[in-house]
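Counting starts at 1 for both ligands and their atoms, following the listed order.
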Amino acid sequence: MDTVYTGDAALQEQLSFDKFRQEVLNDYRIACESRETSLLARKEVLTGKAKFGIFGDGKEIPQIAMAKFFKPGDYRAGYYRDQTFMFASELANSEEYFSQLFSDPNIENDPFSAGRQMNSHFNTRITNENGEWLDLVNRKNITSDMAPTASQMPRAVGLAYASKIFRNVKEVQDLKHLSNNGNEICFCTIGDASTSEGHFWEAVNAVGVMQVPLAIFIWDDGYGISVPTKYQTTKGSVSEALKGFQKTPESNGVDIYKLKGWDYAGMCEVLEPAIQKIRDTHIPAIFHVQEITQPQGHSTSGSHERYKTPERLAWEREWDCNRKMKEWILSNELADEHELTEIEMNAKLMVKDAKQKAWEKYIAPLKQLVVEACAVMNKLVGGNDEIKAIVNELSANKEPLRRDVLKAFATTLDLAGNHPNAAEVKNYYLNLKNELSKTYNSLLYNEGPKSALNVTPIKAYYEDDAIAVNGYEILNHYFDELFAANHKVVAFGEDVGLIGDVNQGFSGLQKKYGDQRISDTGIRELTIIGQGIGLAFRGLRPIAEIQYLDYLLYGLQPLSDDVCTTHFRTVGQQSIPLIVRTRGHRLEGIWHSGSPMGMIINALRGMYVCTPRNMVQAVGLYNTLLQGNDPALMIESLNGYRLKEKLPSNLLAYSVPLGVPEILKEGTDVTIVSYGSMLRIIAEAAEWLTKLGISCEIIDVQTLLPFDIHHSILDSLKKTNRIVFVDEDVPGGASAYMFNKVMEEQGGYKWLDVSPRTITSQAHRPSYGSDGDYFSKPNVEDIVRVVKEMMAE
Ligand SMILES: Cc1ncc(C[n+]2csc(CCOP(=O)(O)OP(=O)(O)O)c2C)c(N)n1
Ligand SMILES: [Mg+2]
C-alpha cells in the first residue's frame, strides 16, 4: 500500500494505531451484539414466542475474522451457526434475525426467507424481480442455508468451480456482472461433526483435483449435538485425518491450516495471506478452527449439561472466544474495562430494542387482521352465543396466528347455518384463505417472465430432403449449435469430455469448445450436481450429466434438498437453472434399465421432469428449459440413441412446451397414456389391437412435472371412455401419479365406462437379458391383454 507522507511519522503512527483500535473495538461490539442476540433469542423460544432456535454463540470471533476477508463478488455456502459472520459482513442485523425467529412472513422484515425458514438460515438476493441476474460481482453473496448437515458442500464445490470457468473460458469473460476474472472465492462453513458425512469427503477430493477457490472453515466445537469428536472422526481430528490431501509443490491437493477459535489476532494473521493465496492461485484451503465453544448448547431443544462433563463446561466458560478477546484487548491496552463494559451494556440495549421492534412488526398486522376478521364475523352473531364466544376469544388472543383467524371463520360459518350474512362472510373467508395461502405456498417454481411455462411452442421444421440419423446424432448436432450460440452453457460429467459421453451426444465437441466448457469429472454424482448448482447460481447454464438414471440416487439429495427448495425457500430471490441430463428406461439388467419415476417426481417437486420419447423431442425440451430459470431433469431414452430420426433444420429454434401431452395416434376405443421409451412398445401393441378391431388413442405426456397442465387427457377420455396408464416404474409409482392426476384432479372418473387400469413393471428391479426384460417390464402382450379385457368388461 502507498504510504501517504505527512511529514509527521509520529502522527501517522498514532492515526494507524487509532484506526486499528477502532477496528478491534468495532469487532468486539459485533461479537457482543451477536452474543446478546443468541441469549435473548433463546429466551424468546423458551417463553413461547418462537418455535425453535439455533444460534451462533461461541463462534463469534472466528466468524468476525473470516468476514474481514469476504469481499464483494465472493460467495458463502454455510450452515446455521453463521449469524456473526452475517452481522460482520453487514448482510444481516439483529432485528432481521428476530423477524426470522418469529417466522414473520413479510419479506421486508425477514429478508432471507419471509418466514419460510428456521432462524439463522440466511441468503442474499441474486436475481431481480424479472429473474435477471444482479451485478453479483459487486455484492457479497450468500447462498441460501439449509438444515441437512453437510448439504452446503456439493454446491460449495460448484460455486468455487464457477470462478475457474470465468477465469479460463474467454467466451464468458464479457459477463462482467458475474465475475471479475474468476477472483471470487467461495467461503464454506461446516460443523466438526458434519465432516463425518460423505458429502464432505467427496467435496474435498473434488476440489483437490479441480483446484478451485474454495475456503472451507470447520467450526470445531467438539460435538455434533451430543456426540463428541472421538465417535465422529478418525484420529479425533479432521485436520489430522485430512493430511494426505495436503497440497505439495509436486501435487494438487488442498492447503490445511489449524486455527484457534478464541485467538482473534492469530486468526487474522493467518487468514490474510491464506485467503489471498486462494484468490490468486485457486488452490483450495481448509481452516480447521479448533477450541470453539457452545455456551448455550446445540439448540433450544435439549440442554448440553446432559452430555458435557462439568470439566468440559468449565473449560468452555474459560475459553469462551468473546471472553478471550476481551482479555486480549485489555492486556494489549487497546481499551480499559470501563470502555468494554460500556460496549457490552450498549449491545444488550441494542439487541433488546431490535427484538422489540421485530416483535411489533410481526404482531401488528396479525392484530389488524383479527380486528378486521372479528368485524366481519360479528355479522353472523345475531343471538348466537356460541359464535359470539368464538369471536370474543379471537379478539382477546394476544398472540393470534393466521390459522386462529381461519379456524374461527370455519367454525362460525358452520354454526351460522342459513344466516342471511353467511354468504358474504364465507366469501370474505375464502378470499382471505386464498390470499394467505399464497404467503406460504407460492414460488415453488419461477412465476414471472422466467417461467419456462411461458415459452411459446415452436414446431420442429424439416427440409424436404431432411436426412434420417441416429438419435444420438440429433443431440450431437444440437449441442454443437448450442455451444456455438450460447456461451453460458457448460457441460460436464463422467465420460462427457474426451469421449463426448457414453452415447456420444457430445462427441467431438470438447475439441471444438475446449476442456473447460465440456469436461470429464470423477465418479461422484453428488458433487457433479453440486458443480451444476454452483454454476447455475452464478449465472451460467450448466448441463450436469448423471451417466445412468439408476445412479441419480447418488445425486438425489442435493437435488431434492437444495435445488428443489431454493426458489421456494428464498421466496423467489434465488434460482438454480440447472439441467440434469441423464438416460434411462429399459435396456439391460438391474442397474441399466431403471425407471424409478415415482421416486423421482415425488422427491423432485420444484424441478421439471422431462421424459422425451425420442431425441428430437428432447432437443425441443432443452430449448424450452434454457429459456427459463427453473431446474430440470431430462431423461433421454437409453434405447433411443441408435434409432433413426429425421434431423430438423431449426435445431436451436423449436421448442416443446412443458406439461402439454401429444396425441401420437388417434383412436376411439381406449386411451393409453405413457411416456418415454414405453411408447414404442405401446405403438406395437396398438397395431396388434387394430387388427382385432380395437382403436387405441396413444398419448405421450412428454413431461411428468408439470403434468398435462391443460387437462387434455380428459378430452381423449371423453371420447373413448376407457383409459390405461402404462409405464416401466414399479406398481403404484408414476402410473399411480398419472392415474391420480387424471381421475381426481381432472375429474376423469365421470367419463369411465370400465374401470381404469395401470400397467407397470414388477416390484423388483429388472432381470438381465431379453427374457429378464420380458418378464420384468410391461411388454406388448401385456398391453394387448389388458386392453382386450377392458373391451370385454
Ligand atoms: C443429514 C442430517 N442428519 C442429522 C441432522 C440433525 N442434526 C442437526 S445439527 C447436528 C449436529 C451437527 O454438528 P456439527 O456439524 O458439529 O455442527 P454444530 O451444530 O456443532 O455447529 C445434527 C446431527 C441434520 N440436520 N441433517
Ligand atoms: Mg460441532
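- Within D192, OD1 is the N, O or S atom that lies nearest to the Mg ion (ligand 2).
- The number of heavy atoms from other shown groups lying within 6.0 Å of CD1 (I523) does not exceed 12.
- Atoms of ligand 1 lying under 4.0 Å from any heavy atom of G191, numbered from 1 in the order shown and given with element: 14 (P), 15 (O), 16 (O), 17 (O).
- Which parts of ligand 1 touch Y79 is read off a 4.0 Å heavy-atom cut-off, strictly below it: atoms 17 (O), 18 (P), 21 (O).
- For atom 13 (O) of ligand 1, the closest non-hydrogen atom of the protein is G224 CA, 3.2 Å.
- Of the polar atoms of P148, none of the N or O atoms is found under 3.5 Å from an N or O of ligand 1, judged by distance alone.
- A donor atom on one side chain and an acceptor atom on the other are found under 3.5 Å apart for S94 and T37.
- Angle subtended at the Mg ion (ligand 2) by D221 OD1 and Y223 O: 90°, rounded to 10 degrees.
- At a threshold of 4.0 Å, the pair E316-R323 does not count as salt-bridged, since none of the basic side-chain nitrogens sits closer than that to a carboxylate oxygen.
- Close contacts of ligand 1 with S194, meaning ligand atoms under 4.0 Å from a residue heavy atom, involve 12 (C), 14 (P), 15 (O).
- Close contacts of ligand 1 with R81, meaning ligand atoms under 4.0 Å from a residue heavy atom, involve 18 (P), 19 (O), 21 (O).
- Nearest to atom 3 (N) of ligand 1 among the protein's heavy atoms is T149 OG1, 3.6 Å.
- Note: F98 and W359 fail the aromatic proximity criterion, with ring centroids not under 6.0 Å apart.
- With respect to R42 and D57, no salt bridge is recorded, no charged nitrogen being found less than 4.0 Å from a carboxylate O.
- If you check the side chains of D220 and H288, you find a donor sitting under 3.5 Å from an acceptor.
- Relative to atom 22 (C) of ligand 1, the option among I54, I225, V227 with the closest non-hydrogen atom is I225.
- Side-chain atoms of Y97 and S120 include a donor-acceptor pair closer than 3.5 Å.
- Within the 6.0 Å centre-distance limit, the rings of F85 and F70 are counted as a close aromatic pair.
- Close approach to A193 involves these atoms of ligand 1, each under 4.0 Å from a residue heavy atom: 13 (O), 14 (P), 15 (O), 16 (O).
- Here the two rings, on Y608 and Y445, have centers that are under 6.0 Å apart.
- Closest protein heavy atom to atom 25 (N) of ligand 1: A147 O, 3.1 Å.
- At a 4.0 Å heavy-atom cut-off, ligand 1 touches D221 through the side chain alone.
- In the model, T124 has no side-chain atom that pairs as donor or acceptor with a side-chain atom of R76 under 3.5 Å.
- The ligand atoms of ligand 1 that sit less than 4.0 angstrom from a heavy atom of Q294 are 20 (O).
- Remark: ligand 1 and Y80 share an N or O pair separated by less than 3.5 Å (distance only, no angle test).
- Remark: R569 does not engage D561 in a salt bridge, criterion side-chain N to carboxylate O under 4.0 Å.
- Near Y223, meaning under 4.0 Å from one of its heavy atoms, ligand 1 places the atoms 13 (O), 14 (P), 16 (O), 20 (O).
- Numbered from 1 in the order shown, with element, the atoms of ligand 1 that lie under 4.0 Å from a heavy atom of E197 read 1 (C).
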